[in-house]
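Start at 1 with the first residue, then count along the sequence. In this text, all values refer to a predicted model and were calculated from it rather than measured experimentally.
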Amino acid sequence: MTKEKTKTMLPIILILSVLVIILCLAGCSKGNRYKVDLDGSDFCYEGVKASYRAGDDVTLYYTLIATDTDYSFYLDGEPVNFDYDEKKGFVIRFTMPEHDVKLECNAKASMTYVPSGWNGEADVMLLDCYRETSATAGTDAYHRLVITTTDTPDQVRLDEYIKKEGGEETCTTTYIPYWVADDCLALALVYDFAGWNGMENAVSTDGAKKACSFWNGEEHISVSTEHMPEWGEENLDSLFDTLINHVK
């Protein structure tokens, strides 16, 4: 290539290089994508995308709706308006900002739990949470937590039963405030355990069984991973983990 051609091509190459850099920067800027953190409740929502661009219209559906429960939603700590669709549940819409966001759901039982006929009587079982501790179904190893009323109105007894495979069952008793039982029973309302047994298209697990029996104010209701909604096992785990925090 001659010197004259080289001199002629240099400006063109420089211009093209600048254009390429500008296009790359524009593309990168346009391509920035941000995520919606669902506060560990991903199984409650539908319509969620892996990421969004700033300015995108985001529409999410909250499908896990229980009766006698009030719901509110917060986006980065600020209340966000929502609608209701009979087929899809709560509809949350917002415009994606230029950063990741966190969407939280606050579910509060609107019906205060008052056990009918208790009146301070002792030895009424309020809650029984059970899980097999072996990955193989049908083993005799389990962990069980049982809340029972006492003679003291504001106190309940928590019995923790542990049985290792092939071993003897052990029981440890702790006395805890009644409000702990009340909170756990409120979770049973939020998760709509009472509606599990009559639901169609229920699923079951092939692994270790998890179950819960609770007093709803009129009768004891029992549910398990043998007949549950798709998110049922996570609900049972959540209730068990909430209760286990009060064992010690």
Inset, instruction - For K163 and G167, indicate whether the former's side chain and the latter's backbone hold a donor-acceptor pair under 3.5 Å. - result: yes
Inset, instruction - Kindly assign one of parallel, tilted or perpendicular to the pair F90 and Y84, based on the angle between their ring planes and the thresholds 30° and 60°. - result: perpendicular
Inset, instruction - Return the set of residues passing side chain to side chain contact (heavy atoms under 4.5 Å, CB included) with K49 (not counting sequence neighbours), or none when no residue passes. - result: Y52
Legend entry - Main-chain N/O of V58 paired with D56 side-chain donor or acceptor, under 3.5 Å: no
Inset, instruction - Indicate if L185 and I244 have the same hydrophobic cluster label, given that clusters are the connected sets of ILVMFWY residues with side-chain heavy-atom separations under 4.5 angstrom. - result: yes
Inset, instruction - Find out if a path of hydrophobic residues (ILVMFWY) with successive side-chain heavy-atom gaps under 4.5 Å connects Y61 to L103. - result: no
Legend entry - E132 side chain vs K209 backbone, donor-acceptor pair below 3.5 Å: yes
Legend entry - For C212 against L127, the heavy-atom pair lying closest together: SG-CD1, 3.7 Å
Legend entry - Flag side-chain contact, heavy atom, 4.5 Å: R53 against M96: no
Legend entry - salt_bridge(R144, D159) N-O dist < 4.0 Å: no
Legend entry - Any V124 side-chain heavy atom under 4.5 Å of T148 side chain: no
Inset, instruction - Compare all side-chain heavy atoms of L243 with those of L158 and state whether any distance is below 4.5 angstrom. - result: yes
Inset, instruction - Treating Ile, Leu, Val, Met, Phe, Trp and Tyr as nodes and any side-chain heavy-atom pair under 4.5 angstrom as an edge, say whether V146 and I162 lie in one connected cluster. - result: no
Inset, instruction - Considering non-hydrogen atoms only, spot the tightest contact between V156 and P177 and give its length. - result: CG2-O, 3.9 Å
Legend entry - R131 NZ/CZ over F240 ring centroid, <6.0 Å and within 45° of normal: yes
Legend entry - Side-chain ion pair, D37 and K35, N-O less than 4.0 Å: no
Inset, instruction - Check the angle between the aromatic planes of Y191 and F193 and answer parallel, tilted or perpendicular using the 30° and 60° thresholds. - result: tilted
Legend entry - Close side-chain approach of L239 and C129, heavy atoms under 4.5 Å: yes
Inset, instruction - Over all heavy atoms of both residues, which pair between A141 and E165 is shortest? Give the atoms and the distance, please. - result: CB-N, 3.5 Å
Inset, instruction - Examine distances only and state if a side-chain atom of D39 and a backbone atom of C105 form a donor-acceptor pair shorter than 3.5 Å. - result: no
Inset, instruction - Classify the angle between the aromatic ring planes of Y62 and F73 as parallel (below 30°), tilted (30 to 60°) or perpendicular (above 60°). - result: perpendicular
Inset, instruction - Would you confirm whether T152, through its side chain, and D154, through its main-chain N or O, come within 3.5 Å as a donor-acceptor pair? - result: no
Legend entry - Check: V101 and Y34 side chains under 4.5 Å, non-hydrogen atoms: no
Legend entry - Exercise: identify the closest heavy-atom pair between L64 and C44: CD2-SG, 3.5 Å
Inset, instruction - Using the test side chain to side chain contact (heavy atoms under 4.5 Å, CB included), find all partners of D57 that sit at least two apart in sequence or belong to another chain. - result: T95
Legend entry - D183 side chain to V180 backbone, donor-acceptor under 3.5 Å: no
Inset, instruction - List the steps, then state whether salt bridge (charged side-chain N to carboxylate O under 4.0 Å, His left out) holds for E233 with K210. - result: CA-CA 7 Å; E233 186 170 7; K210 299 175 184 179; 3.0 Å; yes
Legend entry - Distance-minimising heavy-atom pair for T205 and A208: OG1-O, 4.2 Å
Inset, instruction - Inspect the contact between D123 and R157 and indicate whether a charged nitrogen and a carboxylate oxygen are less than 4.0 angstrom apart. - result: yes
Inset, instruction - Look only at the side chain of T242 and the backbone of S238, and say whether a donor-acceptor pair between them is shorter than 3.5 Å. - result: yes
Inset, instruction - Measure from the side-chain N and O atoms of N106 to the backbone N and O of S72, and report whether any donor-acceptor pair falls under 3.5 Å. - result: no
